[in-house]
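In this text, all values refer to a predicted model and were calculated from it rather than measured experimentally.
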Amino acid sequence: MEAYKEAIAECLAEPLGQPTETIVPMLRTPPEAAWGDFAFPCFTLAKAWRQAPQQIAAQLAQELTLAAPVAAVAAHGPYLNFTLDDDILSREVLEAIARQGERYGCGDEGRGRKAVIDYSSPNVAKELAFHHIRSTMIGHALKQILEARGYRVEGDNHLGDWGTPFGLLIAAYERFGWDDAADVEDIVQLNALYVRARNEAKADADFAATGRRWFQRLEAGDPQARKRWRWFVDVSLTEFDKVYDLLGVSFEHTLGESFFEPYMDDAIAELQARGLVTKSQGALVVDLSAYDMPPCLLKKQDGATLYSTRDLATLLYRRREWRFDTCLYVVDMGQSLHFAQLFKVLDLAGFEWAANCHHIPFGLVLQRNPESGKWEKGSTRQGNASLLKTVLEAAIRMARERMAVSNPDLADAELVARQVGVGAVIFNDLKNRRTRDVKFDQEAILNPQGETGPYMQYTQARCASVLATAPETIHVEPLYELLQQREERALVRKLAAYPDAVAEAARTWEPSVVAQHLLAIAADFNSYWTRGNKDPGLRILRPDAADLTAARAALTAAVQTVLCNGLKLLGVPTPDAM
RNA sequence: GCCCCCUUAGCUCAGUUGGAUAGAGCAUCGGACUUCUAAUCCGAGGGUCAGAGGUUCAAAUCCUCUAGGGGGUACCA
């Protein structure tokens, strides 16, 4: 749709005496679709022309010469409203969608550029909590969206598999043991041990010290410590992969923090060579007080490395080995300061590429505290967060039960239930602006009605269903001028704007732009569909009118293509029946 | 204390980067299935855009202050 602004600007360029480049950004979309496709506000001309904007609009409306595809111009108060030619628009848009198929919505701004995205990145030894859906799916969606716009993208699941907690975990294992006969999955027992280790460390200073020593042994390569640790990681990865399979997410790299352990000394040395590292209170730091930030800690008093050290080594490695142009960190907002420090340190070290590293923050998942009634950050450490697996299972159950009544004969019911349940959870997370905190509300997540994943999937299934029963006539060249219904014209325009939505989502790193646009398309299509229930003349398939059927089937196919393309970007599956 | 984010209908949220009459969904109430899938659609009610100033032709949108909520703030990740 963006491309048509150029045509409008050309009509205005001569009379305004301005180049099209300055006119295009001034064009707006009128609040009422019936008023036109683009609006040019005349306020800014008022001063220069010494006339009221209303007069300017009225005058210009008279004088302008229009060229296809611009069909009409009308003054509406201080605005000049332009309308595109419906027939040309329908033809161009629907033909483009049919021709490009799953490439419709793609672009090439990112061509020749490589992006590395750090997302999901759960901590080992804990189950995936519901809040892990955020980084995982926002990251996955951004990966797909950037790829659609021409970037080469590599995803890295930066597992939290290193640090003092693992020393504590080994200490807990040694002290409390492991119950091989326990009737729970290993990950559950491991998670429980993790929580216990943490609590014990808080209550017992000796235990905490033992844990810290274990981590030192781990870093030193002690075989016993390594063996325990490796096993903790394997148990966790087995569990994570189950959930990733369900979500349809995969990574080019799964390099935990431990992988970068051998690179940490080099990273520190590199900063030392640049004179950035100082000793403060017994710790090794980069002083950032000149930038109103606390120091970036590289090594603790006891010599152990920290989160910052590992992230630093990781980023240097990624740049050196993977040669990214852009590196994105899809991590919650609570870590804004950490990333500000990290990027500042690299900037001070003289790495100009640090400017192309970005933290893509998102809001926290808040759980209602049953005692205080307040919304607060859930924590797997305290064991009070809902598990992602549990929510997904509940959503799948919801879909299964729903289908048992609405479509009991459906083939592949179990597969579809999984697609719908998982789609519900994913879409629920991606439909809103990522920086908002989200209040965990399982009931809302499982509701399949309204602005939800199942609603989107249902709409796509309706398209598939009608096209499956469409007669062969749809293969004749559609007469696009037959698409004269208000709903049909509105749909064509929204389909035309879909690539703009993908481009904006890529530019602002905001998947919800795509989700919101798809919602608007689905709403229009469902409304269009239902009108056919009341008025048979408005049905898509008209046995009595082959040409009309062909045109409407072409529109339906285009809607289906765009819904499928968009939902694919978001990671929402699209069953053809449900 | 300082820093960041948030505050739009009872609830959950959109709002085209400063434009025309602030829009959806859920919930409530009333309608539409002998039909291309009713996980849908149509309609009704529901608003001091947290509050107060400011910037200008124009503010939910930008600036300042205030209130409330969430998060962060050197040896956790």
Whole-Å distance between rA77(B) C1' and His359(A) NE2? 13 Å

Any side-chain N or O of Thr164(A) less than 4.0 Å from the OP1 or OP2 oxygen of rA77(B)? yes

Closest to the 5' end of RNA chain B, once Val466(A) and Arg310(A) are matched to their nearest nucleotides, is Val466(A)

For atom CG of Asn526(A) and atom C1' of rU40(B), their distance in whole Å: 6 Å

What's Gln301(A) touching, base or sugar-phosphate or nothing? Going by heavy atoms closer than 4.0 Å. base

Looking across every strand, which nucleic acid part, if any, lies under 4.0 Å from Gln281(A) by heavy atom: base, sugar-phosphate, or nothing? base

Across the strands shown, which category fits Pro30(A) at heavy-atom distances under 4.0 angstrom: base, sugar-phosphate, nothing? base

Ring centre gap for Phe38(A) and Tyr4(A) strictly below 6.0 Å: no

Classify the side chain of Arg539(A) and the base of rU35(B) as holding, or not holding, a donor-acceptor pair under 3.5 Å. yes

Closest contact, heavy atoms only, Leu364(A) versus Gly334(A): CD1-N, 4.3 Å

Between rA74(B) and Ser308(A), counting only base atoms on the nucleotide and side-chain atoms on the residue, is there a donor-acceptor pair under 3.5 Å? no

Distance check, P atoms only: rU40(B) and rG53(B), in whole angstrom units. 44 Å

Please work out if Ala461(A) contacts a base, only the sugar-phosphate, or nothing of the nucleic acid, heavy-atom cut-off 4.0 Å. base

Return yes if some donor-acceptor pair links the side-chain N/O of Asp37(A) with the main-chain N/O of Leu84(A) below 3.5 Å, else return no. yes

Describe the nucleic acid contact of Thr435(A) in one word from base, sugar-phosphate, nothing, applying a heavy-atom distance below 4.0 Å. sugar-phosphate

Can you confirm if the aromatic rings of Phe260(A) and His158(A) lie within a centre distance of less than 6.0 Å? yes

With rounding to whole Å, what would you report as the distance between rG70(B) and rC13(B) at their P atoms? 15 Å

Asn81(A) (side chain) and rA20(B) (base): donor-acceptor pair under 3.5 Å: yes

Taking the six-membered ring for Trp, does Tyr79(A) stack with rA20(B) (centroid gap under 5.5 Å, planes within less than 30°)? yes

Starting at CG of Leu306(A) and ending at C1' of rA74(B), how long is that distance when rounded to a whole Å? 9 Å

Tell me which nucleotide, if any, is Watson-Crick or G-U wobble paired with rG25(B) when both distances must be under 3.5 Å. rC11(B)

Rounding to the closest angstrom, what is the interatomic distance between rU7(B) and rA50(B) at atom P? 8 Å

Considering every strand and a 4.0 Å limit on heavy-atom distances, what is the contact class for Thr29(A): base, sugar-phosphate, or nothing? base

Assign His76(A) to base, sugar-phosphate, or nothing according to its heavy-atom contacts below 4.0 angstrom with the strands shown. base

Strictly below 4.0 Å: does Arg433(A) bring a side-chain N or O up to OP1 or OP2 of rA14(B)? yes

Please work out whether the ring planes of Trp162(A) and Trp229(A) are parallel, tilted or perpendicular, with thresholds of 30° and 60°. perpendicular

Distance check, P atoms only: rG69(B) and rA77(B), in whole angstrom units. 31 Å

Tell me whether the side-chain N/O atoms of Arg28(A) come closer than 4.0 Å to OP1 or OP2 in rG19(B). yes

Option among Gln457(A), Arg400(A), Met403(A) that satisfies the side chain to side chain contact (heavy atoms under 4.5 Å, CB included) test with Val416(A): Met403(A)

Would you say rC36(B) has OP1 or OP2 under 4.0 Å from some side-chain N or O of Arg542(A)? no

rC36(B) versus rA44(B) - spacing of their C1' atoms, nearest Å: 30 Å

Rounded to whole angstrom units, what separation is found between the CG atom of Leu467(A) and the P atom of rU37(B)? 11 Å

Quick one: label Leu297(A) by what it contacts on the DNA or RNA (base, sugar-phosphate, nothing), any heavy atom closer than 4.0 Å. base

What is the nucleic acid contact for Asp292(A), judged by heavy atoms within less than 4.0 Å: base, sugar-phosphate only, or nothing? nothing

Check whether Gln341(A) reaches the backbone of Pro295(A) with its side chain - one donor and one acceptor, N or O, closer than 3.5 Å. yes

Which part of the nucleic acid, if any, lies within reach of Lys431(A) when heavy atoms closer than 4.0 Å are counted: base, sugar-phosphate only, or nothing? nothing

Can Tyr455(A) be called stacked on rA39(B) when the rule is centres closer than 5.5 Å and an angle between planes below 30°? no

Within the 4.0 Å heavy-atom criterion, would you say Ala468(A) contacts the bases, only the backbone, or no part of the nucleic acid? nothing

Does rA38(B) have OP1 or OP2 sitting under 4.0 Å from an N or O in the side chain of Trp529(A)? yes

Under 3.5 Å, is there a donor on one side chain and an acceptor on the other for Glu376(A) and Gln367(A)? no

Output the single nucleotide from rA39(B), rA14(B), rG72(B) whose closest atom is nearest the side chain of Asn432(A). rA14(B)

Return the value, rounded to whole Å, for the distance between atom CG of Asp524(A) and atom P of rA14(B). 20 Å

How are the rings of Tyr79(A) and Phe43(A) set to each other: parallel, tilted or perpendicular (split at 30° and 60°)? perpendicular

Can a side chain N or O of Tyr307(A) be found less than 4.0 Å away from OP1 or OP2 on rA77(B)? no

Integer-rounded Å distance: rU35(B) C1' and Asp535(A) CG: 12 Å

Rounded to whole Å, CZ of Arg212(A) lies from P of rC76(B) at a distance of 7 Å

Please work out if Ala283(A) contacts a base, only the sugar-phosphate, or nothing of the nucleic acid, heavy-atom cut-off 4.0 Å. base

Should rG1(B) form a Watson-Crick or G-U wobble pair with both distances under 3.5 Å, which nucleotide is its partner? rU73(B)

On the nucleotide rU12(B), are OP1 or OP2 found under 4.0 Å from the side-chain N or O atoms that Lys439(A) carries? yes

What does Ile540(A) touch in the nucleic acid at a heavy-atom separation under 4.0 angstrom: a base, only the sugar-phosphate, or nothing? base

Would you classify Asp161(A) as touching base, sugar-phosphate or nothing, given that sugar-phosphate means primed atoms plus P, OP1 and OP2, and contacts are heavy atoms under 4.0 Å? nothing

RNA chain B nearest-nucleotide lookup for Lys299(A) and Pro78(A): closer to the 5′ end is Pro78(A)

Between rG47(B) and rU35(B), how far apart are the two P atoms, rounded to whole Å? 40 Å

Please state the C1' separation for the pair rA60(B) and rG19(B) - nearest whole angstrom. 13 Å

What is the distance, rounded to the nearest whole Å, between atom CZ of Phe525(A) and atom P of rA39(B)? 15 Å

Would you measure the distance from the C1' atom in rA59(B) across to the matching atom in rA20(B) and give it in whole Å? 14 Å

